[in-house]
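Here the structure is a predicted model, which is why all the values come from computation and not from measurement. In this chain, residues are counted from 1 in sequence order.
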Amino acid sequence: MTAYDGHNEELNLVFDSFYKSVKHAYLNKFIENPVIDHDQANMLLIILQKKKYSKKYIHDCILTTLFVQAALDTHERVVIHGLGPESLKTKNQLTVLAGDFYSSLYYNVLSKNEDIALIRVLAKAIQQINESKMKVYHSENRSEHLNLTDIKVIHASLLKNVAHLFHLSHWSRIIEEFFLLKLLCSEKASIIERGYCSKESIFGDFTDSFSKKQVLGQLTHLINVTCEGIEQETREENEMTCYVKARMYELIKRFQIEEHCVVEEG
């Protein structure tokens with residue numbers, strides 16, 4: 001059982017709406033459906049329920065934020081890989097169009113609701129995320145320096161801006177630290193399994209300058225520091241801190257188990 005199982009019934013309605021909306025007969029021949037981050041959805045639910053909004057507003061707000069995330073993730077695949085050789089250009093051009101399609105879905109929902117405030121907040125987050133992606137993926141010293149500030153913006157800015165809109169800015173740091181932890185754990189497990197950093201990795205070309213052991217050591221250190229930060233931020237119990245603390249323990253346990261399995265298989 002996970003920390004978000006209790007929210008499944010309400011969120012499943014959002015997820016159903018999401019997958020029905022992104023379904024496109026032609027695009028689905030070439031690209032997979034976007035993946036929903038359940039932690040992002042659950043944290044949005046916690047934020048909105050805290051303010052006691054109607055179920056319809058909560059549904060639409062979470063749905064539109066998921067559309068924005070899908071658009072950002074889809075466009076990022078092309079930014080990282082480029083259009084590629086001629087044989088892949090059609091697929092990658094369609095990937096760009098899919099990202100534009102997801103963007104139109106979010107704007108369509110919010111414009112129907114005339115939710116100008118949320119449109120502005122999401123637009124601001126998109127700008128911040130894209131600016132940080134440019135810094136991370138096009139940095140000249142990407143192989144030598146890990147830009148944690150911009151990495152946090154990329155992975156937490158949507159939620160942070162929504163929290164700020166609803167006067168819950170005091171949850172900003174715990175949101176940042178949690179998504180950083182989630183990313184670091186995923187990176188560590190991936191490097192242990194494959195033995196190297198992929199092009200998509202936040203470490204970029206780190207393995208060109210450092211050994212696998214050094215990279216894993218740095219990741220372990222960052223994971224420990226991030227966990228300490230989360231522990232400090234969760235001293236005061238509320239809906240968000242309880243959720244994040246439970247998920248932190250789940251992540252650590254999960255990736256410890258995966259690391260143990262890989263070592264045994266190796």
Side-chain angles (χ1 to χ4, degrees), residues 3-4 7 10-11 13-15 17-18 21-22 34 36-76 99-100 102-135 149-183 229-230 233-234 236-245 247:
Y4 52 76
H7 294 153
E10 190 162 356
L11 285 178
L13 295 175
V14 178
F15 299 158
S17 297
F18 177 86
S21 298
V22 301
I36 292 174
D37 186 323
H38 285 228
D39 287 309
Q40 184 183 61
N42 275 277
M43 288 182 170
L44 283 165
L45 182 61
I46 290 169
I47 289 168
L48 293 162
Q49 286 182 333
K50 179 76 172 176
K51 292 300 179 179
K52 303 187 185 304
Y53 285 110
S54 69
K55 287 189 175 182
K56 182 182 185 307
Y57 183 78
I58 290 174
H59 174 279
D60 289 350
C61 187
I62 297 174
L63 180 63
T64 52
T65 308
L66 295 180
F67 285 148
V68 172
Q69 189 64 61
L72 288 165
D73 292 344
T74 304
H75 282 145
E76 184 175 3
D100 293 341
Y102 305 147
S103 293
S104 70
L105 291 174
Y106 106 80
Y107 187 77
N108 182 52
V109 174
L110 293 184
S111 61
K112 284 181 179 178
N113 294 339
E114 298 184 349
D115 197 340
I116 305 301
L118 189 55
I119 289 174
R120 287 175 177 168
V121 162
L122 293 177
K124 178 184 176 182
I126 291 167
Q127 179 183 352
Q128 292 171 341
I129 290 167
N130 285 331
E131 288 174 354
S132 289
K133 283 181 178 180
M134 292 295 289
K135 293 177 185 176
T149 300
D150 284 303
I151 286 168
K152 287 180 181 180
V153 171
I154 292 168
H155 292 274
S157 191
L158 272 180
L159 267 177
K160 280 180 59 182
N161 277 278
V162 172
H164 179 74
L165 173 65
F166 299 121
H167 309 291
L168 293 168
S169 297
H170 55 285
W171 284 349
S172 291
R173 184 156 185 261
I174 195 172
I175 290 170
E176 275 189 345
E177 295 301 312
F178 172 74
F179 282 100
L180 177 61
L181 174 66
K182 189 173 178 179
L183 182 65
I230 291 174
E233 292 295 318
T234 54
E236 179 184 343
E237 285 197 4
N238 55 54
E239 298 92 332
M240 185 65 78
T241 59
C242 289
Y243 176 82
V244 169
K245 200 165 188 176
R247 285 291 291 132

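Leu63 contributes atom CG, which lies 11.0 Å from atom CG of Leu44 (distance to the nearest 0.5 angstrom). One finds the OG atom of Ser17 at 11.5 Å from the CG atom of Leu11 (value rounded to the nearest 0.5 Å). One finds the CD1 atom of Ile154 at 11.5 Å from the CG atom of Leu180 (value rounded to the nearest 0.5 Å). Annotation: the span from Asn42 atom CG to Arg247 atom CZ amounts to 8.5 Å, rounded to 0.5 Å. Rounded to the nearest 0.5 angstrom, Trp171 CH2 and Met43 CE are separated by 10.0 Å. Summarising the geometry, atom OG1 belonging to Thr241 is positioned 5.5 Å from atom CD1 belonging to Ile174; distances are rounded to the nearest 0.5 Å.
Nearest heavy atom pair, residue Ser103 against residue His75, reads OG-CE1, 4.4 Å. Nearest heavy-atom pair, Ser21 versus Phe67, reported as atom, atom and distance to 0.1 Å: CB-CZ, 3.5 Å. Between Tyr243 and Asp39 the shortest heavy-atom distance is OH-OD1, 2.5 Å. Of all the heavy atoms in Met240 and Ile46, the pair that sits closest is N-CG2, 3.9 Å. Considering every non-hydrogen atom in both Leu159 and Phe179, the closest pair reads CD1-CE1, 3.3 Å. Contact record, Thr74 with Gly99: CG2-N, 3.7 Å, taken as the closest heavy-atom pair.
Scanning for side-chain contact (heavy atoms from CB on, under 4.5 Å) contacts around Val153 gives Gln128, Ser132, Ser157, with sequence neighbours left out. For Arg173, the side-chain hydrogen bond (donor to acceptor under 3.5 Å, both in side chains) partners two or more places apart in sequence, or in a different chain, are Glu233. Every residue was checked against the ring pair (Phe, Tyr, Trp, His ring centres under 6.0 Å) condition with Tyr107, not counting sequence neighbours, and none meets it.
Under 3.5 Å, the side chains of Gln69 and Gln40 contain a donor-acceptor pair of N or O atoms. Under 3.5 Å, the side chains of Asp115 and Tyr57 contain a donor-acceptor pair of N or O atoms.
The backbone N or O of Leu168 lies less than 3.5 Å from no partner atom in the side chain of Lys50, so there is not a single donor-acceptor pair.
Under the 30°/60° scheme for interplanar angles, the aromatic rings of Phe15 and His38 are found to be tilted.
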In sequence, state the C-alpha distance, the side-chain angles, and the governing distance for Val14 and Ile58, and then conclude on side-chain contact (heavy atoms from CB on, under 4.5 Å).
CA-CA 9 Å; Val14 178; Ile58 290 174; over 6 Å; no

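Taking 4.5 Å as the limit, some side-chain heavy atom of Glu177 sits within range of a side-chain heavy atom of Lys152. Asn113 is not listed as a side-chain neighbour of Thr64, based on a closest heavy-atom distance of 4.5 Å or more. The shortest side-chain heavy-atom distance between Leu118 and Cys61 falls under the 4.5 Å cut-off.
We find that Glu10 and Lys55 are not joined by a salt bridge, their nearest charged nitrogen and carboxylate oxygen being 4.0 Å or further apart. Note on Lys112 versus Asp60: no salt bridge recorded, every NZ/NE/NH1/NH2 to OD/OE distance being 4.0 Å or above.
Within a 6.0 Å sphere centred on NZ of Lys51, other residues, nucleotides and ligands contribute more than 12 heavy atoms.
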